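Have a look at the structure below, then the notes.
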Amino acid sequence: MMGYSFFGHGNRSAYFCYMQKPTPIGVFDSGYGGLTVLKEIINRLPQYDYLYLGDNARAPYGNRSFETVYHYTLQCVKWFFEQGCSLVILACNTASAKALRTIQQNDLPEIAPGKRVLGVIRPTAEIIGSFSETNSVGVLATNGTVLSESYPMETAKFFPDLRVYQEACPMWVPLIEANEHTGHGADYFVKKNLHNIFEKGEDIDVILLACTHYPLLKDKIEEYLPVGVKLITQGEIVASSLADYLQRHPEIESRCSKNGRRDFYTTDSTEDFDNHTATFYGASITSKHMDLGQ
Ligand code: DGL
């Protein structure tokens with residue numbers, strides 16, 4: 001159990017929230033991808049403590065059912081609450097698309113009414129339309145995110161006239177997780193999925209990488225992107241939205257500890273995690289194991 005764990009379970013947090021000593025901001029992903037978001041969050045908000053959990057043992061989430069992604073994500077969110085976190089960021093589009101709303105609306109009021117869980121889709125949807133001059137955006141994401149229709153639905157709230165074309169890229173995460181994203185095999189799938197999305201929307205001038213793993217393929221995607229098309233990653237968008245959120249919610253901000261501490265947990269092998277993370281995070285990491293206990 002971690003050093004900064006305090007009273008224990010989230011279901012007591014409503015009563016104890018005013019007595020709680022500050023705790024880290026939780027950052028969750030199905031695996032390594034959330035590290036690309038955490039890196040940008042730390043650039044923007046270095047003063048806070050962060051606790052990262054990658055559910056590598058059950059990744060990728062992208063092709064899994066709604067129920068499975070929800071069940072896995074909720075289990076991990078509860079773990080963050082047990083460590084004392086008051087704020088958890090789902091730095092995973094698939095989890096944000098398939099689990100966030102249910103957790104916010106059904107679970108939080110029951111298990112931890114004073115705590116907050118935020119995702120990456122809403123902050124991206126709030127801004128993505130402003131990058132496009134043709135009013136046409138292409139969203140590259142996992143199957144789960146595409147099928148959820150979360151991006152078309154969320155962007156419509158902020159940019160009602162924006163045309164949103166989606167393309168699922170189910171091979172990209174496995175390529176990245178297998179460290180094959182710089183190899184020649186990745187070219188085939190990058191070209192194929194880009195070709196497909198531009199067939200759907202010829203006037204697309206903004207491509208959004210709506211999966212936190214995809215920034216690892218950025219160089220390769222840029223090679224095959226038509227001239228003039230902007231490539232948008234989410235890390236900075238999410239970081240800036242979090243900064244804004246913390247400013248607008250002092251009751252949550254005051255419960256986030258500020259010692260510049262970072263802790264990393266994985267549900268799978270810590271050795272594998274540590275070997276991969278330089279690529280995603282840009283620095284070496286010594287992770288600890290989180291036991292799913294099943
Ligand atoms: N990184 C996750 C996302 O942003 C998905 C990766 C996975 O399929 O597990 O959607």
Side-chain angles (χ1 to χ4, degrees), residues 26-41 52-77 88-101 103 117-125 128 138-152 154 166-181 186 189-190 193 207-218 221 231-239 241-242 264-268 272-273 276-277 279-281 292:
V27 178
F28 171 72
D29 183 57
S30 59
Y32 307 112
L35 291 169
T36 64
V37 175
L38 176 61
K39 191 167 95 179
E40 297 302 335
I41 293 178
Y52 184 91
L53 174 63
D55 190 6
N56 298 79
R58 302 183 293 196
Y61 279 15
N63 292 321
R64 294 191 187 276
S65 69
F66 172 92
E67 287 72 23
T68 302
V69 172
Y70 164 67
H71 170 73
Y72 288 174
T73 306
L74 180 61
Q75 186 184 9
C76 292
V77 164
V88 178
I89 314 293
L90 302 185
C92 173
N93 285 272
T94 310
S96 298
K98 292 188 149 187
L100 180 62
R101 187 177 294 263
I103 289 175
V117 181
L118 306 174
V120 290
I121 294 180
R122 174 85 177 207
T124 309
I128 194 68
V139 173
L140 301 176
T142 63
N143 260 328
T145 301
V146 167
L147 290 175
S148 75
E149 291 284 325
S150 297
Y151 274 98
E154 286 298 319
Q166 303 192 92
E167 169 74 3
C169 311
M171 288 306 294
W172 289 17
V173 169
L175 279 167
I176 293 166
E177 296 261 332
N179 219 6
E180 286 291 339
H181 52 286
F189 291 102
V190 167
N193 293 121
I207 288 285
L208 169 68
L209 300 187
C211 171
T212 54
H213 281 64
Y214 295 176
L216 272 284
L217 279 167
K218 195 166 178 258
I221 297 166
L231 187 60
I232 306 293
T233 53
Q234 291 178 301
E236 285 172 34
I237 296 172
V238 173
S241 169
L242 178 61
F264 299 88
Y265 278 72
T266 174
T267 56
D268 208 345
D272 272 359
F273 191 86
H276 274 82
T277 45
T279 340
F280 287 83
Y281 185 62
L292 286 163

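Quantities reported herein were computed from a predicted structural model and do not represent experimental measurements. Just so you know, ligand 1 is whichever comes first in the structure, and atom 1 is the first atom listed for that ligand.
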I'd like to check Phe280 versus Lys39 (side-chain heavy atoms, cut-off strictly below 4.5 Å). Are they in contact?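 No. Closest side-chain heavy atoms not under 4.5 Å.
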Just list the side-chain donor-acceptor pairs under 3.5 Å for residues 26-34, sequence neighbours left out, or say none.
from	atom 1	to	atom 2	distance (Å)
Asp29	OD1	Thr212	OG1	3.3
Asp29	OD2	Gly31	N	2.9
Asp29	OD2	Gly33	N	2.9
Asp29	OD2	Gly34	N	3.1
Tyr32	OH	His276	ND1	3.1

Considering residues at least two apart in sequence or located in another chain, which fulfil the side-chain contact (heavy atoms from CB on, under 4.5 Å) criterion with Glu149?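 In terms of side-chain contact (heavy atoms from CB on, under 4.5 Å), with neighbours along the sequence ignored, Glu149 is linked to Pro152, Met153, Gln166.
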For ligand 1, give me the residues whose heavy-atom distance to it is below 4.0 Å, by chain and number please.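 Within 4.0 Å of ligand 1, protein side: Asp29, Ser30, Pro60, Tyr61, Gly62, Cys92, Asn93, Thr94, Thr142, Val173, Cys211, Thr212, His213.
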For Arg101, give me all partners under salt bridge (charged side-chain N to carboxylate O under 4.0 Å, His left out), at least two apart in sequence or on another chain.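 For Arg101, the residues satisfying salt bridge (charged side-chain N to carboxylate O under 4.0 Å, His left out) (neighbours in sequence not counted) are Glu154.
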Is the closest side-chain donor-acceptor distance between Asp55 and Gln75 under 3.5 Å?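 The criterion, which ignores hydrogens and geometry beyond distance, is not satisfied for Gln75 and Asp55.
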Please confirm whether Tyr52 and Tyr281 have ring centers closer than 6.0 angstrom.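 No; Tyr281 has its ring centre 6.0 Å or more from that of Tyr52.
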